[in-house]
Amino acid sequence: MKPIRRFTLETHEGPYEKWPLRSRLFLEGQPTSIALPGYRLLHQFETSEGYILVTDYDCPYEEITNFALVSKQLRLQSCRWLGWMYETFLLERIEWQDERTFIAVIGGGGRWRLTIRSWGIPYNPATSEASGVRRPSEDVKPMTEVGQWIETWRELGVSDSPELRRLHGDVLGRYSEPHRQYHTSQHLAECFEKVQDIIHLAEHPAEVNVGLWFHDAIYDTQRQDNEERSAAWARSAARESGVSAESAQRIYDLIMFTRHAAVPIGVDAQVLVDADLSILGAQPARFQEYEAQVRNEYGWVPEAMFRSSRARILKELLSRPHVYCTAHFRERYEAQARRNLQQSLAYLECLGATGV
């Protein structure tokens, strides 16, 4: 780890309420393609994995600290943030433990340990409620590794091959596109982690797993057909790999349910959709991180329009008899999901009422 002073953030003019949620990153005075959450660059470090850049917003009621990992090739690899609205949550200092681990000391928020993970290896956070320290889970096998991919296709009668491995790289590469903030390999890994508790319910578990792999493979916030295009790719890839037409069509249909426009029909769709929506029942810190990630993905949408659209989505979710389809998810995550959604909706409505 080496402190550096190579990067800067663009500055904004006028009242901060009009500022964008992200600021363009400059390297030695030259603009990059990266935009980071926040308005101030607090710290920057060079490590063997890339650059750690620490930013915050520094404006009333938005005291959040963001930690970004940027590769040496200047690609945004990951973002994590710490903080809550209407709370004092300012970074006091960073204490490096080794080349890959550091402690963020937060005023009013305790000590948080963060670990740099190589890109492509999912980070499964486990939170210690007593100390407020986030540490990597050691008992969850990464489900997005190529071995798991090959095993899934083997269950569908497809043998390992160079073409199958290239397809794995193509799909996982989509989840690392720089415009993504939430729909990344982090989301994919979280889906696979959660689905393990209910995959035994599925009639065609391998098809559910393929559906998870592909469900957000194509993602563009300025299009309305992402699920359809992802599903079509999955169906085509399955057929080209030798999967039966019936199985390939079922995979297509499963992915189309992740539009969340209709109640999932069939246990396989219910399992996949519950996994996709598992983030709604996450602990508050992760849920708030998710909300910020979604907002960043829609950074091109004006604030008032985003608040209105987002509030409408949250209200629709809350109006359902159940957020989740399976009994296990209802028992384990339903109450927390409704608390998260209600708090987020209240915050959006508060901003709208005050004109912020």
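Residues take their numbers from the sequence shown, with the count starting at 1.
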Minimum heavy-atom distance [X]-[Y], with the two atoms named:
X      : Y      : value
Ser230 : Ala217 : OG-N, 3.6 Å
Arg93  : Glu95  : NE-OE2, 2.8 Å
Leu272 : Val208 : CD1-O, 3.6 Å
Leu314 : Ser344 : CD1-OG, 3.4 Å
Val271 : Ala202 : CG2-N, 4.4 Å
Tyr324 : Gly281 : OH-N, 3.1 Å

Face-on cation placement of Arg154 at Trp149 ring, 6.0 Å and 45° thresholds: no
Geometric cation-pi criterion Arg180 and Tyr219, 6.0 Å radius, 45° cone: no
With distance as the sole test, does Ser185 use its side chain to make a donor-acceptor pair with the main-chain N or O of Leu188 at under 3.5 Å?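 No: the side chain of Ser185 does not pair with the backbone of Leu188.
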Quick check: does any side chain N or O of Arg100 sit under 3.5 Å from a backbone N or O of Thr115, one acting as donor and the other as acceptor?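 Absent.
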Restricting to side-chain contact (heavy atoms from CB on, under 4.5 Å), what partner residues turn up for His260, sequence neighbours left out? Thr258, Val273, Asp276, Leu277, Arg320
Sequence neighbours excluded, the answer for side-chain contact (heavy atoms from CB on, under 4.5 Å) partners of Asp225 is Arg223, Glu228, Arg229
Does any part of the side chain of [Y], heavy atoms only, come nearer than 4.5 Å to the side chain of [X], both counted from C-beta?
X      : Y      : result
Phe257 : Ile265 : yes
Leu156 : Val210 : yes
Gln44  : Val54  : no
Leu9   : Phe26  : no
Trp233 : Ile255 : no
Asp56  : Leu42  : yes
Cys191 : His215 : yes
Gln342 : Leu345 : no

Treat each ILVMFWY residue as a node, draw an edge where side-chain heavy atoms are under 4.5 Å apart, and state whether [X] and [Y] are in one component.
X      : Y      : answer
Met256 : Leu254 : no
Leu167 : Ile218 : yes
Val263 : Val323 : no
Ile150 : Val243 : yes
Leu318 : Phe329 : yes

Using the test ring-ring contact (aromatic ring centres under 6.0 Å, His included), find all partners of [X] that sit at least two apart in sequence or belong to another chain.
X      : result
His12  : Trp19, Tyr39
His204 : none
Phe7   : Tyr51
Phe102 : Phe67, Trp96

Quick one: do the [X] and [Y] side chains pair a donor with an acceptor below 3.5 Å?
X      : Y      : answer
His200 : His328 : no
Glu297 : His183 : yes
Asp274 : Thr326 : yes
Thr221 : Trp300 : yes
Gln293 : Gln186 : yes

Spatial distance of atom CD (Gln288) from atom OH (Tyr347) [nearest 0.5 Å]: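 Rounded to the nearest 0.5 Å, the CD-OH separation comes to 10.0 Å.
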Could you tell me the separation between the CG atom of Leu69 and the CG atom of Leu114, rounded to the nearest 0.5 Å? 11.5 Å
According to the salt bridge (Lys or Arg N to Asp or Glu O under 4.0 Å) rule, which pairs have a member within residues 233-253, sequence neighbours left out?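 As it turns out, the salt bridge (Lys or Arg N to Asp or Glu O under 4.0 Å) pairs with a partner in residues 233-253, which skip direct neighbours, are Glu207-Arg250.
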Show every salt bridge (Lys or Arg N to Asp or Glu O under 4.0 Å) that has at least one partner inside residues 209-220, sequence neighbours left out. none
Would Leu53 and Val70 satisfy side-chain contact (heavy atoms from CB on, under 4.5 Å), going step by step from the backbone distance to the final call? CA-CA 8 Å; Leu53 306 178; Val70 174; 3.9 Å; yes
Between [X] and [Y], is there a side-chain N and carboxylate O pair less than 4.0 Å apart?
X      : Y      : result
Lys2   : Glu46  : yes
Arg295 : Glu291 : no
Arg286 : Glu190 : yes

For side-chain contact (heavy atoms from CB on, under 4.5 Å), just list the numbers for Leu201 and Gln270, CA-CA rounded to whole Å, side-chain angles, deciding distance to a tenth of an Å, and then say yes or no. CA-CA 10 Å; Leu201 301 173; Gln270 293 172 356; over 6 Å; no
Looking at residues at least two apart in the chain, or sitting in another chain, which of them share a side-chain hydrogen bond (donor to acceptor under 3.5 Å, both in side chains) with Thr152? none
Just to verify, what does Arg165 make a salt bridge (charged side-chain N to carboxylate O under 4.0 Å, His left out) with, not counting sequence neighbours? Asp160
Under the rule for salt bridge (charged side-chain N to carboxylate O under 4.0 Å, His left out), what residues qualify as partners of Arg338, not counting sequence neighbours?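 Arg338 satisfies salt bridge (charged side-chain N to carboxylate O under 4.0 Å, His left out) with Glu334 once adjacent residues are dropped.
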For the residue pair Phe214 and Trp153, categorise the inter-ring angle as parallel (less than 30°), tilted (30 to 60°) or perpendicular (more than 60°). perpendicular
Passes side-chain contact (heavy atoms from CB on, under 4.5 Å), Tyr298 versus Arg310? Steps please. CA-CA 11 Å; Tyr298 285 86; Arg310 189 65 178 167; over 6 Å; no
Check step by step if side-chain contact (heavy atoms from CB on, under 4.5 Å) holds for Asp197 and Arg332. CA-CA 11 Å; Asp197 290 339; Arg332 188 166 184 179; 3.1 Å; yes
May I ask you to check whether over 12 heavy atoms, not counting those of Gln224, lie within 6.0 Å of atom CD? no
Which pairs pass ring-ring contact (aromatic ring centres under 6.0 Å, His included) with one or both residues in residues 262-287, sequence neighbours excluded? Phe287-Tyr290
